[in-house]
Amino acid sequence: MKIVVCCKAVPGVVTEVKAEPDGRSLQYQGQFLAMNECDESALEEAIALKRAHGGDVTVLTMGPIVALDTLYMALAKGADRAIRIDAQTHDPQSASAVLAAALRKLEYDLVLTGAQSRDTLAGQVGITVAERLGIPFAYAVVEVQVAEGNAVKVRKEMGGGRYALVELSLPALLCVQTGIQPLTYVPPARMMRARQNPVRSLSLADLGLEAEQLGARGYRFLNVFPPQRTSQVEILHGGPQEIAATLLSKIKEAL
Amino acid sequence: MQRDVFVLVEHWGGRVETITYQMLAKGRELASALGGQLVALVIGHELDPVTEILRDKGMDKILAVDQPALKQAGADLQAHVIAHVAKQTDPGLVLIGYSLVGMELAPAVAAKLGSAAMTNCVAIELRDGSFVVTRPVFDSTLHAQILLEATGPAVVALQKGVIPPIQAGENTAPVESVEVDLGGIACRAKLLEIMEEPVTGIDISKADVVVSVGRGIGDKEKISIIQELADALGGVMACSRPVVDVGWLPRDRQVGASGKSVAPKVYIACGISGASQHLSGMTESQRIIAINKDANAPIFQVAHFGVVADLFDIVPTHTKSAKGKG
Ligand SMILES: Cc1cc2nc3c(=O)[nH]c(=O)nc-3n(C[C@H](O)[C@H](O)[C@H](O)COP(=O)(O)OP(=O)(O)OC[C@H]3O[C@@H](n4cnc5c(N)ncnc54)[C@H](O)[C@@H]3O)c2cc1C
Ligand SMILES: Nc1ncnc2c1ncn2[C@@H]1O[C@H](COP(=O)(O)O)[C@@H](O)[C@H]1O
């Protein structure tokens, strides 16, 4: 089984976030880049499927040069090859157009993405890629079984503790949830070795796309601000004893 | 320009989900402002019980696509049907609840309509005839306000709990049935079965006091301090998703979109950041107390009382005082 996993490098901390003057994207300074959590789960699942059924795993990312580190980590974990598309956009429409264009150049039976990235909180790119490629998809997948007749059976969350069992014909795209596989630890020595591997780089031009095409279309960012509180929170001050006493009285009051 | 507002109805086992009534409340407000109709769109098979429950919930009409082929339809076929109806009637807005079902459908419906969906939104309003939505970004530490400029139907998915559900009214909406030709469309994602997670241990949705633990606890061994506080307060222990993902607590203790919804008298969140998928399972709690060392954690947006501190400094002391005073 040929599996492509879409993994995104996301910042752990961002500062100076503001809307670009034309409203087509958000500007910010990001630090502590790491692989998006559920993308790492998707990668672990891909590697587990490869171990059980054979095949190979390609990791695909779109991002700046600093995103290379997450690809090396993927290689260290057991991916067979890595591809970085040298472009950046947070617009789900554009991101999915770029990833879909790259996927059209690759062979795949299964495409795995994460459910949601921690910066955009959109949960859109996976499904939109599937729509662009014209392949079936499932969201919030927590279990994958290879089934008869070039298909997979997946268990996916439906909310409120309900699950659906869905059969998809291949090729298909699955948006994977955290917890599907335990995350493996990569020892520094293995990470060092992984860095020796080549990473294929694709430009937008290689994909027949232009940078001007990326960015918000059909909507515009007006501004970004810290959330306004819906309820008036009362922050309790003082030492632990004092706080504990206040909490207890607030709890008793409510019971 | 008069345009209708569509609300996608989420139903299961003949029942309508609460989030749909919330979407109908928001849809009512927007449809009235736009001078259009509020239309509830229901798709599936054997829908009579569903349309019957819905009819007095404030909409001007119900569109029902009731076909045997939809019984086992996966998301792409469902999205096809929704987009097909939307293309024919060109509403100004398709409003979808951001539940797990909505999370799967909204992007697919938007893609089929050739537009961008706005997912995970906490607000939607009309400004000079255009929709403006507010949605979290960057781990919910910030909110972005976005103006929708496209001319086609806007697809907006709104979080659970951002508006109270609509109440039944005097009027009974007519049900119009719509046929969608599904011949020639391959069903490549087939729904085989829906399973409910059995409650094996404690039912966290029944307790008056829920003490909930998040990733901030950092270590499986330390979870006992949360259990001790729950015991001292006569409550139960619950948790956020990461705690279950790593196997520290069983799945039936998880609060949130993919776990349980709880509405106890007191909910105490310890080391939980407050992502939308967590909040959607607990914002209806009567009194919310948050203990988090990050003053900017989004949990403080919904908390009534907040403690900005290390939970290890507060929780054991709290347990002692709870025990001491009985
Ligand atoms: C489709 C989907 C469904 C989901 N369903 C659910 C769901 O049902 N339930 C759910 O909970 N999540 C769900 N999630 C995940 C959700 O998006 C968040 O990732 C999750 O809720 C985060 O859990 P957390 O707050 O415990 O962890 P984090 O976000 O990592 O937050 C940990 C918090 O602990 C604080 N902290 C750290 N150390 C301490 C300390 N010593 N003292 C005090 N505070 C400390 C930190 O400041 C931080 O705010 C879902 C996600 C998706 C995409
Ligand atoms: N730049 C990117 N590179 C690789 N994968 C991405 C990128 N952006 C999004 N994805 C994938 O799409 C998923 C959903 O992203 P989003 O729609 O931004 O929440 C992520 O979990 C990734 O798997």
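Below, chains carry the letters A, B, ... as their sequence lines are ordered, and counting in each starts from 1.
- Proximity to chain B is limited to the backbone of A/T120, based on heavy atoms less than 4.5 angstrom apart.
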(request) Determine, stepwise, if the pair A/I251 / B/R287 fulfils side-chain contact (heavy atoms from CB on, under 4.5 Å). (result) CA-CA 8 Å; A/I251 291 166; B/R287 181 157 284 184; over 6 Å; no
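- Around atom CD of B/Q72, more than 12 heavy atoms belonging to other residues, nucleotides or ligands sit under 6.0 Å away.
- B/R241 has no carboxylate O lying under 4.0 Å from a charged side-chain N of A/E37, or vice versa, which leaves the two without a salt bridge.
- If you measure heavy-atom distances from A/R132 to chain B, you find no contacts under 4.5 Å at all.
- Residues A/A138 and B/E104 come closest through the heavy atom pair CA-OE2, 3.3 Å.
- More than 12 heavy atoms of other shown residues, nucleotides or ligands fall within 6.0 angstrom of atom CD in A/Q27.
- Only the side chain of A/V142 comes within less than 4.5 Å of a heavy atom in chain B; its backbone stays farther off.
- Chain A forms more heavy-atom pairs under 4.5 Å with one residue of B/G247, B/S258, B/G74 than with any other, namely B/S258.
- Two residues are said to be in side-chain contact when any heavy atoms from C-beta on lie closer than 4.5 Å; B/S140 and A/L121 meet this criterion.
- The minimum heavy-atom distance between B/L191 and A/A164, with the atom names listed, is CD1-CB, 3.6 Å.
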(request) With side-chain contact (heavy atoms from CB on, under 4.5 Å) as the test, would you mind laying out the steps for A/Q116 and B/T119 before giving the verdict? (result) CA-CA 11 Å; A/Q116 182 188 69; B/T119 54; over 6 Å; no
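- Annotation: maximal heavy-atom pairing with chain B below 4.5 Å, among A/T178, A/V166, A/V224, A/T128, occurs at A/T178.
- Contact annotation for A/L236: both backbone and side-chain heavy atoms come within less than 4.5 Å of a heavy atom of chain B.
- In plain terms, the two heavy atoms of A/I235 and B/F300 that are nearest each other are CD1-CD2, 4.2 Å.
- Proximity to chain A involves both the backbone and the side chain of B/A75, based on heavy atoms less than 4.5 angstrom apart.
- Chain A forms more heavy-atom pairs under 4.5 Å with one residue of B/I146, B/V246, B/I288, B/V133 than with any other, namely B/I146.
- Crowding of A/E253 atom CD: a count of heavy atoms from other residues, nucleotides or ligands under 6.0 Å exceeding 12.
- Sparse packing is recorded around CZ of A/R217, with 12 or fewer heavy atoms of other residues, nucleotides or ligands lying under 6.0 Å away.
- Residue contact with chain A, scored on non-hydrogen atoms closer than 4.5 Å, is absent for B/L77.
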(request) Tell me, with the steps shown, if A/I135 and B/D76 meet side-chain contact (heavy atoms from CB on, under 4.5 Å). (result) CA-CA 9 Å; A/I135 60 176; B/D76 62 341; over 6 Å; no
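- In this structure, chain B has no heavy atom under 4.5 Å from any part of A/I180.
- Heavy atoms of A/E131 lying under 4.5 Å from chain B belong exclusively to its side chain.
- A 6.0 Å sphere centred on CZ of A/R104 holds more than 12 heavy atoms belonging to other residues, nucleotides or ligands.
- The greatest number of non-hydrogen atom pairs below 4.5 Å with chain A, out of B/S115, B/S276, B/A290, is found for B/S115.
- Interface remark: A/Q93 contributes side-chain atoms only to the contact with chain B (heavy atom separation under 4.5 Å).
- When all heavy atoms are compared, the tightest approach of B/V266 to A/A254 is CG2-CB, 3.7 Å.
- The candidate with the highest count of non-hydrogen atom pairs below 4.5 Å against chain A, out of B/A117, B/A144, B/S261, is B/A117.
- Between B/R188 and A/G134, the closest heavy-atom pair is NH1-O, 2.5 Å.
- Your options are B/E17, B/H318, B/Q145, and the one with the most heavy-atom pairs under 4.5 Å with chain A is B/Q145.
- Inter-residue side-chain proximity for A/I127 and B/L105 is flagged as unmet; no heavy-atom pair is nearer than 4.5 Å.
- Of all heavy-atom pairs between A/L168 and B/A189, the closest is CD2-CB, 4.0 Å.
- The parts of B/L142 that come within reach of chain A are both its backbone and its side chain, each placing non-hydrogen atoms under 4.5 angstrom from that chain.
- Counting heavy-atom pairs closer than 4.5 Å to chain A, the top residue among B/V101, B/D139, B/T141, B/I194 is B/D139.
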